[in-house]
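Here the structure comes first, spelled out in structure tokens, and everything after it is commentary.
Each chain gets a letter, A, B and so on, in the order the sequences are listed, and its residues count up from 1.
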Protein chains: 2
Amino acid sequence: MSTPAALTWSTTNCPVGRAMDILGESGTVIVLREIFNGVRRFDLMQRHSGLSRAVLSHRLALLVEHGIVHRVAYRDPGERERHEYRLTTRGFDLQPVMVALADWGGKHLSGPEGPAVEVEHRDCGARTHVALVCEEGHVIDRLRDVRTRPGPGAMPT
Amino acid sequence: MSTPAALTWSTTNCPVGRAMDILGESGTVIVLREIFNGVRRFDLMQRHSGLSRAVLSHRLALLVEHGIVHRVAYRDPGERERHEYRLTTRGFDLQPVMVALADWGGKHLSGPEGPAVEVEHRDCGARTHVALVCEEGHVIDRLRDVRTRPGPGAMPT
DNA sequence: CAGTATCCCAAGCGATACTG
DNA sequence: CAGTATCGCTTGGGATACTG
């Protein structure tokens, strides 16, 4: 290998870097896990995630600020108004990231008893994983069959 | 919704949590991006990633410790012995996570000019993304068609 | 219940200097 | 070139207390 492909363009604009600027903050992904699992209220989320109230508060604010989660007001009959946190479209689009993380953690970081959580296809009940699919419709199982290239927003190094 | 499904099992064992215990450390994913892009030597990685030498050193040690990356000695003709960092199988299995992050970042965090990097299918050159596929072979495009359930390693709350 | 503010402390970062 | 050690300093976390 001569010059690695990565060096021919700048990384200041890298989508992975931008994603991690948000998701890399400690606890953010844990909050997302809770919301994806249907936990939408502050207190429940706090107890279940194990995060402190302060951190949870900050992470939720961060997620709202980035348009990943939004607060929704609702009122149960006879109760006062409350709020819950729901995914926006942008947040819901993180599902493949969450499933990819669960796949990897389940395969490589679980004890012999297997992972504590699985993902299933609602229709048929089969376990579900992420896969690579190209726009020509090929399902790619040999990961080495993909590579990165500069995109339209690439800047020279 | 009554009790969210998540509350019926403990999260101490959650594969997403375990994965983020490693990947959530600031800079880890950036190092992985470099290695996936073919940057394998310390100095090049340091300049290209923008991480400090100390942080890069620590992250590489962390990745080696977790069996995601390994050091490989080599010697170019006429040069002294050097080392480079390569993905192990466990590390290579993170590719779907990286592509999922790139997908999301490219779609939601790029400027109007588009993402700086894309992933292509080596055979046909088409852009490549992650998708959800169940073990029955169904490609799932409506993300709501999947849900989480307790796995074999689940512990009661 | 659903958060926010304050205070204090420890982890962790960048800069620098050093070794094989 | 390829790292590791040391050192102030800042960031950011937990505990606690407070507000709507």
Would you mind telling me which of C:dA2, C:dG14, C:dG12 lies closest to the side-chain atoms of B:Ser52? C:dG14

Could you tell me the separation between the CE atom of A:Met45 and the P atom of C:dC1, rounded to a whole number of Å? 15 Å

Taking only Lys NZ, Arg NE, NH1 and NH2, and the carboxylate oxygens of Asp or Glu, determine whether B:Arg18 and B:Asp21 approach each other closer than 4.0 Å. no

When rounded to whole Å, the CD to P distance for the pair B:Glu25 and C:dA11 reads 13 Å

Cation-pi between B:Arg144 and A:Phe92: NZ/CZ under 6.0 Å from ring centre and within 45° of the ring axis? yes

Output the rounded distance in Å from CD (B:Glu84) to P (D:dC1). 16 Å

Taking the nucleotide of DNA chain D with the nearest heavy atom to each, does B:Asp43 or A:Gly50 sit closer to the 5' end? B:Asp43

Tell me yes or no: between the side chains of A:Glu136 and B:His121, is some donor less than 3.5 Å from an acceptor? no

Strictly by Watson-Crick or wobble contacts shorter than 3.5 Å, is anything paired with D:dG20, and which nucleotide is it? C:dC1

Starting at CZ of B:Arg40 and ending at C1' of D:dA2, how long is that distance when rounded to a whole Å? 17 Å

In this structure, how many angstroms lie between the P atom of D:dG3 and the CD atom of B:Gln46, rounded? 11 Å

Select one nucleotide: of D:dT4, D:dG3, C:dG14, the one nearest the side-chain heavy atoms of B:Ser57. D:dT4

Does any part of the side chain of A:Glu120, heavy atoms only, come nearer than 4.5 Å to the side chain of B:Glu135, both counted from C-beta? no

For B:Leu56 and D:dT4, what is the distance between atoms CG and P respectively, to the nearest whole Å? 10 Å

Write down the distance between CG (A:Leu51) and C1' (D:dA15), rounded to a whole number of angstrom. 15 Å

Just how far, in rounded Å, is C1' of D:dA2 from OH of B:Tyr85? 8 Å

Please determine, for the side chain of B:Ser26, which listed nucleotide (D:dC1, C:dC13, C:dA2) has the closest atom? C:dC13

Candidate nucleotides D:dG13, D:dA2, C:dT4, ranked by approach to the side chain of A:Arg53 - the nearest: C:dT4

Do any side-chain nitrogens or oxygens of A:Tyr74 fall under 4.0 Å of OP1 or OP2 in C:dC1? no

Have a look at B:Arg59 and say if it touches a base, only the backbone sugar-phosphate, or nothing, with a 4.0 Å heavy-atom cut-off. sugar-phosphate

Taking NZ, NE, NH1 and NH2 as the nitrogens, is one of them in A:Arg86 or A:Glu84 under 4.0 Å from a carboxylate oxygen of the other? yes

From the candidates C:dA15, D:dG14, C:dG3, the one with an atom nearest any side-chain atom of A:Phe42 is C:dG3

